[in-house]
Number of protein chains: 2
Amino acid sequence: MSEEEKIEYISSILREKDISPSLQRIQIYKYLMDNQVHPNVDMIYRDLVKKIPTLSKTTVYNTLKLFQSKDLVSVITIEENEARYDIHTHLHGHFKCLNCGKIFDFDIEELKFDPMIEKENKIIDQQLYIKGYCKECIEKMNKEKE
Amino acid sequence: MSEEEKIEYISSILREKDISPSLQRIQIYKYLMDNQVHPNVDMIYRDLVKKIPTLSKTTVYNTLKLFQSKDLVSVITIEENEARYDIHTHLHGHFKCLNCGKIFDFDIEELKFDPMIEKENKIIDQQLYIKGYCKECIEKMNKEKE
DNA sequence: ATCATTGCAAACACTTTGCATACGC
DNA sequence: GCGTATGCAAAGTGTTTGCAATGAT
């Protein structure tokens, strides 16, 4: 997809949700598409302000809140101190390495829990978070031991 | 279990983890035992300051951090803006009602995901969060419609 | 011209830090 | 008496709010 095509594609997604596709909104959405690393507000701001020098953090906050309310992005609260954002896709889990801080996705086949939960309550969003030590950090730690 | 027995029991748990069982620490642990509603720091502080008038929020923060590091409590980050605390027990999920704000536990039989995740990485903690509308709120909303 | 969007600055809320006081062995 | 635990006050950090300036149709 060319850059222009991508922008047109994003614009159509936004229009479908009754969001007027401003420069800032398109770029924030594009950033989330291109950088699926679950960025926080600061990362989004610091990278995009290079392209849009007048950009303010408030706009990033406003836009993400808008996207959230329209179900375009989901918030990941695996970190205790800050929100991270993810383009809304299929159900997947998030693994956070307690050593290097990296957060990566993994596929979930199925979440098995008491079916009454689903029957009695209305589920809007599900998040599975796993914390631990990632493959790379474990290997590094093992090497250091030698 | 009598009150004294409970305090003795908590003291032994703390001592096992090399934590000297001070009045504050015992009462914070007891609060988490007695009130399994996933309180935040403010709830713990507001209730306990009635019993311990000199209590400070700093102590609540310090103590919870200490308990966390000793694996006595787990932090629930289902809320975007604040941490909630839970006595460390068996694996269970948390459901948060987007209407009334209540958070309740539910049992998980099994978490099914790619076994490579478990093989390659070291899992320390797992959290499953579900957000939606709870039974009571759904019933209330349906009644209001009539 | 009007309405929506943006962005600055200030306010907010939760949490952490520095340091002096108080407590326990 | 000495080391740890406590608690006040201030600072820090992520986020929200109020409002004026800007932009789009």
Side-chain angles (χ1 to χ4, degrees), chain A residues 7 10-11 14-15 17-31 38-70 72-86 96 101 103, chain B residues 7 10-11 14-15 17-31 38-70 72-85 101 103:
Chain A
I7 288 170
I10 294 171
S11 300
L14 297 184
R15 276 195 217 95
K17 298 273 184 176
D18 286 318
I19 298 171
S20 63
S22 71
L23 170 67
Q24 289 85 340
R25 286 167 177 171
I26 290 170
Q27 289 300 323
I28 290 170
Y29 193 92
K30 185 167 168 296
Y31 186 86
H38 322 98
N40 59 23
V41 167
D42 206 54
M43 287 159 80
I44 299 170
Y45 171 75
R46 284 206 318 265
D47 279 357
L48 286 184
V49 80
K50 293 172 196 160
K51 271 191 168 177
I52 313 166
T54 60
L55 183 67
S56 87
K57 259 191 193 174
T58 305
T59 299
V60 180
Y61 277 108
N62 288 341
T63 303
L64 289 170
K65 191 137 270 192
L66 177 67
F67 286 176
Q68 238 188 100
S69 73
K70 302 279 186 174
L72 288 172
V73 302
S74 54
V75 188
I76 298 167
T77 56
I78 197 169
E79 300 271 7
E80 275 155 55
N81 54 332
E82 67 187 2
R84 285 165 166 269
Y85 296 85
D86 205 11
K96 184 192 173 188
I103 296 176
Chain B
I7 288 171
I10 294 171
S11 300
L14 298 184
R15 275 194 219 96
K17 298 275 184 173
D18 287 317
I19 298 171
S20 62
S22 72
L23 170 67
Q24 288 87 339
R25 287 167 175 173
I26 290 170
Q27 288 300 322
I28 290 170
Y29 193 92
K30 187 168 168 294
Y31 186 88
H38 322 96
N40 59 24
V41 166
D42 206 53
M43 287 160 78
I44 299 170
Y45 171 75
R46 284 208 318 267
D47 279 356
L48 286 184
V49 80
K50 293 171 197 162
K51 270 190 169 178
I52 313 166
T54 61
L55 183 68
S56 87
K57 259 191 192 173
T58 305
T59 300
V60 180
Y61 276 108
N62 288 340
T63 303
L64 289 171
K65 191 135 269 187
L66 178 66
F67 286 177
Q68 239 188 98
S69 73
K70 301 281 185 172
L72 288 172
V73 302
S74 53
V75 188
I76 298 167
T77 56
I78 196 169
E79 301 272 5
E80 276 156 53
N81 54 334
E82 65 185 5
R84 284 165 167 268
Y85 295 87
I103 296 176

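Just so we're on the same page: letters track the sequence lines, and every chain starts at 1.
The backbone N or O of B/K17 lies less than 3.5 Å from a partner atom in the side chain of B/K70, making a donor-acceptor pair. Side chain of A/T59 to backbone of A/L55: no donor-acceptor contact under 3.5 angstrom is found.
Rounded to a whole Å, the CD1 atom of A/I44 is 10 Å from the P atom of D/dT15. Between A/L64 atom CG and D/dG14 atom C1' there is a gap of 13 Å when expressed in whole angstrom units. One can place CE of B/M43 at 15 Å from C1' of C/dC14, the figure rounded to the nearest angstrom. Whole-Å rounding puts the B/R25 CZ to D/dG7 P distance at 11 Å. Rounded to whole angstrom, the span from the CG atom of B/N81 across to the P atom of C/dA11 amounts to 21 Å. To the nearest angstrom, C1' of D/dT13 lies 14 Å from CD of A/E79. In this structure, the OH atom of B/Y45 is 15 Å from the P atom of D/dT6, given to the nearest Å. Here C/dT16 presents its P atom at 13 Å from CD of B/E82, a figure rounded to the nearest Å.
Contact annotation: A/Q24 side-chain N/O to D/dG23 OP1/OP2 distance is not under 4.0 Å.
Between B/Y85 and B/I76, the closest side-chain pair of non-hydrogen atoms is not below 4.5 Å. Residues A/L66 and A/L64 have side chains not in contact (no heavy-atom distance under 4.5 Å, counting atoms from C-beta outward).
Near DNA chain D, defined here as any heavy-atom distance below 4.0 Å, the residues from residues 50-61 of chain B are B/T54, B/L55, B/S56, B/T58, B/T59, listed numerically.
Taking 4.0 Å as the cut-off between side-chain N and carboxylate O, B/D47 and B/K50 count as a salt-bridged pair.
Judged by closest nucleotide on DNA chain D, B/I19 is the one of B/E80 and B/I19 placed further toward the 5' end.
Note that the OH atom of A/Y45 and the CD1 atom of A/I52 stand 10.5 Å from one another [nearest 0.5 Å].
Here the nucleotide nearest the side chain of B/N62, chosen from D/dG7, D/dT17, D/dT15, is D/dG7. Closest approach to the B/S22 side chain among C/dT6, C/dT16, D/dA5 is made by D/dA5 (side chain taken as heavy atoms from C-beta onward).
The stretch residues 55-67 of chain B participates, sequence neighbours left out, in these salt bridge (Lys or Arg N to Asp or Glu O under 4.0 Å) pairs: B/D42-B/K57.
At the heavy-atom level, B/D42 lies nowhere under 4.0 Å from the strands shown.
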